[in-house]
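Below: one structure, written as structure tokens.
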Amino acid sequence: MRQVWERNMRRLDRPLTNKDRICERHFQEEFIQRYYETRLPNGDVCKIDRGKPTLTENAVPTIIPGAPAHCSKIIKTRKNPMERKIPLKRKREEKIDEVRVQEPGPSNYSKKTKPEPSIVDDVSELPVEFTNLVECLKKNCIQLPTDWIFNNLCDRKCILLMAIEENFNIKKKIVIFEDLTFRVYLGNVITNIEDFTHIKSTTDVNKLLQIVAELKVCSNAMNQPGTNNDKFKCHGYANKIDLCASCSYGARKLKIIRLQDSIKEIKKKFSTKEKIGILKEQIQHLPEAQQENILTCVKAAKTTPKGMRYSQKKILPLPSPATIHRHMRKLKPSFGFQNQIFNTMKVKSEGMRSIERRGVLLLDEMKLSPSVRFDKSDLKILGFVDLGKYTPADQVGELGDHALVIMFQPFVGKWVQSLACFLSRGAANGVVLTQIILEAIILLGNANFYVHGITTDGATWNRSMWRNFGVSEASPSTTNPSDETKKIYFFSDFPHLMKCLWCWVISKDEFTTPDGIVKKQHWEVVIKEDSKRQIKALPRLNNSHLQPKQYEKMNTAKAYQFFSREVASVMELYSIHTNYIPDGESTRKFITRMSALIHAFSSRTPKGALTMQCPERDVIKEFLEFLNQSKNFMTQTTLHGFKISCQAALQLSEDLINNYGFSYVMTARLNQDNLERFFGMIRASCGNSDHPDPTMFLLVFRLLSTYSLIKPTPGSNVTGEELFETLFKIEGENYDNLPNASESAKEKWTAMKNLILSKGEVMDDFHQLETEFEVIDLDDNCLQYLAGFAARKAANFSTCTNCRQIIVSENANPLSLIALRNYYDVLHIPSDIFFALINSMEKIIKEVVGPDGSQLTADTFFSIAERMAEEENIVKVGCEEHADNVTQRTMDFYLVMRMNFLCQDLNKKFVNKTKHQELRKVGKLVQAPNPSLTRK
């Protein structure tokens, strides 16, 4: 039978198992049993709903829903042969016999008998009325089954037929109402009888009695209350066991739930009480305060995220969000060097050895999306080029799109520290890089950290910075600006050099080296032959190593795999057993040489580190001789980087071992892997954008820098709490009462506001103005609408009624924009005096930033403030007592709002410009020639 099911279901992926289930939609209706069927002696079939359908013994799935018709095989069932042979005449006789009334007697419906003459000759032909049924039951014209009694409830006008048990409990009950409808009770459960709605004749009463008499009552039905349980509704009748299907399922389900609850209670009892008791016994020798600390920590680890804020004795006080925010404000996210970082590093160095405080500087740029944002803390617009005091004059006011990051990487230890970041337009030039590096070296020296090397990539601006320091192939170092007796060595990022060499090699068919001719064809043969085999000798090498896509060319792993020792060994294997690579000796030597160099510059353990006597040192020296013999197998920039990096690695390792107590130098500490990983963390934290905007970059940069800064190094005697206190300890500033602006910006803006207000004049009547302000054009209507929003805010600056009347007006021109948009009569209409103040500020803003806002700079806010200070008779709003306060707060609110609007407008223009450039690039749009010029 299972083979038939598997064939019909057409499952080719796996055979059917005992745990599989098949939906009822795959079966024909005649294979599904939805009712309990009972054939009565008179031939009728009584159907009672099963609740949960089952299948017949010969059921097979034949229907495949949603599949073509030929996939489903409908089986036509035939009737029983005996039924098919019954003559039509006999069928009619049996049908007539079904409506005949059985004779009452002790046989209890066991066989059909002819009725004997009685008071009523033919009961089935009596009128179908309630009184007739009562009369028949009283005169025993309707035979009741054994243990059944009859009762006529005259007051309720119903007939009650009941089956009584020995203990006088009512097991079954039929209630027939006056309208000849009925209700069947099995115990206390109401049961519906299929195909029965009301009684038409006494034959129906006999049939109903026989059906109910043969039903088996569920044991739970006798215990049910007046209403059924909503969760597990009892059907009333049972099949083979004493329970119905619903009660049987519910009993199993409730048993499982009780067992699960018992298991949870047992786990909770033994996992909490006993462990706490054991813990108390083990710490009882400690002082009471320490015992309380330990128990509180254990309890805090078991609480929910909404757990206790403090322990009972306030042992674990947690900072409030306001406290955390106040601390984070002290470490401002800004470009440039911050003294807090170097002060904390100085405290951190007190618990570190001398060799742990020596390392290299890493420099690299990250692409950003140009964007501007107004910063309330400094009253400046962020997003413009910010290289500190080294910003070139031609980049002032330009939007920045590159972030320059400087990181300190020690020779010993797993920690790194990002020192500062700068915002530039494109990459910073060599002069700026030179000045920034000199300042970083001096600041690190003051913090007791010493720079022995500088690592950059092979970009032209980095090479220009090298030349500014006097670095050349003959001298890969320069004098330390803070100590002339020490040297600083320069390195080109080794993984970057290998990627450049790999891209150059695959772009050439062949090239000449001191070892011979190296051919690209040798790699192609290895990849082609290896792809034919199921078990590959080089599973990682494929066509993408020879034809990489644009984004794969900077993949360090592919470059290392291309020059790996495994490739050289497989080439030798092919040359021995086949004739595919007859001239591959020089290629194998070149790959072996580059693989050994990769190993020498990638040491992360003492085993492969550089010492005075190690094979890696000999590998680097041999490669330098190899480079001096030939200059035509790589670009000059890459060749220059290899020579300087190899010489610097040899000289630096010798200097550290002989003069500073190092036993070895791990060369992996000379590359930019940690800085690239730092950039990856920033990109991952900024969502789905690979190029975050400057604001988002600063926020993530601050978090990552703070984390590594306050984390003490292993074995240090300085705790994280001390580092945290040092980081946020700023003398001379009270941050409890500090507003959104920093102290210097706040003082400058306050002085300017006082100067502006000293020239102002309080006016409580519009006619006092020398110039009349009339809202006549579209610009004035828009400004009046914006002034209404400002008036709504300004009305709350003072509780004075006179001030509110001066700020807000009740009348407006019905044709003005603010009146047309006042749908719900909730907009505030600015008064003429308030509109005059807003209008004067808006004119100054347009003069400073231009009509289209194109002259926006980082210091636009103070430029507007200085221009306002030059004005005479600035209008003050409010009464005599509160005019200065209301006017100051109004200027604060309106200028900050306008700065935000200008930044948003500039960002939209840049986004639209970028989209337009991308569409032109995709569509390859070309401006059509002027037809008039063509005709001439």
Nearest 0.5 angstrom please: [X] [atom1] to [Y] [atom2], how far?
| X | Y | atom1 | atom2 | result |
| --- | --- | --- | --- | --- |
| Cys421 | Phe701 | SG | CZ | 4.0 Å |
| Leu387 | Leu404 | CG | CG | 7.5 Å |
| Asn900 | Leu895 | CG | CG | 11.0 Å |
| His496 | Met554 | NE2 | CE | 5.0 Å |
| Leu699 | Leu704 | CG | CG | 11.0 Å |
| Thr667 | Glu616 | OG1 | CD | 8.0 Å |

Parallel, tilted or perpendicular, as decided by the 30° and 60° cut-offs, for the rings of Phe411 and His452: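 Correct class here is tilted.
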
Parallel, tilted or perpendicular: rings of Phe337 and Phe342 (30°, 60°):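 Phe342 vs Phe337 ring planes: tilted.
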
So with a 6.0 Å cut-off around [atom1] of [X], is the heavy-atom count from everything else above 12?
| X | atom1 | result |
| --- | --- | --- |
| Tyr664 | OH | no |
| Arg617 | CZ | yes |
| Met681 | CE | no |

Under 3.5 Å donor-acceptor, Gln672 side chain and Leu363 backbone: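 Checked: pair present.
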
Distance-only polar pair, side chains of Asn339 and Asn343, donor-acceptor under 3.5 Å: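 On atom types as modelled, these side chains do not qualify, holding no pair under 3.5 Å.
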
Before accepting this row, confirm whether a basic side-chain N of the pair [X]/[Y] lies closer than 4.0 Å to the acidic partner's carboxylate O.
| X | Y | result |
| --- | --- | --- |
| Lys376 | Asp892 | no |
| Asp693 | Arg373 | no |
| Asp483 | Lys486 | yes |

[X] versus [Y], closest heavy-atom pair with distance:
| X | Y | answer |
| --- | --- | --- |
| Leu379 | Phe861 | O-CB, 3.6 Å |
| Ser705 | Ser418 | OG-OG, 2.5 Å |
| Leu444 | Met345 | CD2-CE, 3.8 Å |

Side-chain heavy-atom pair Asn671, Leu362 within 4.5 angstrom cut-off: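 No - every pair of side-chain heavy atoms lies 4.5 Å or more apart.
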
Partners meeting side-chain contact (heavy atoms from CB on, under 4.5 Å) with Lys52 (sequence neighbours left out):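 side-chain contact (heavy atoms from CB on, under 4.5 Å) check on Lys52 returns nothing, list empty.
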
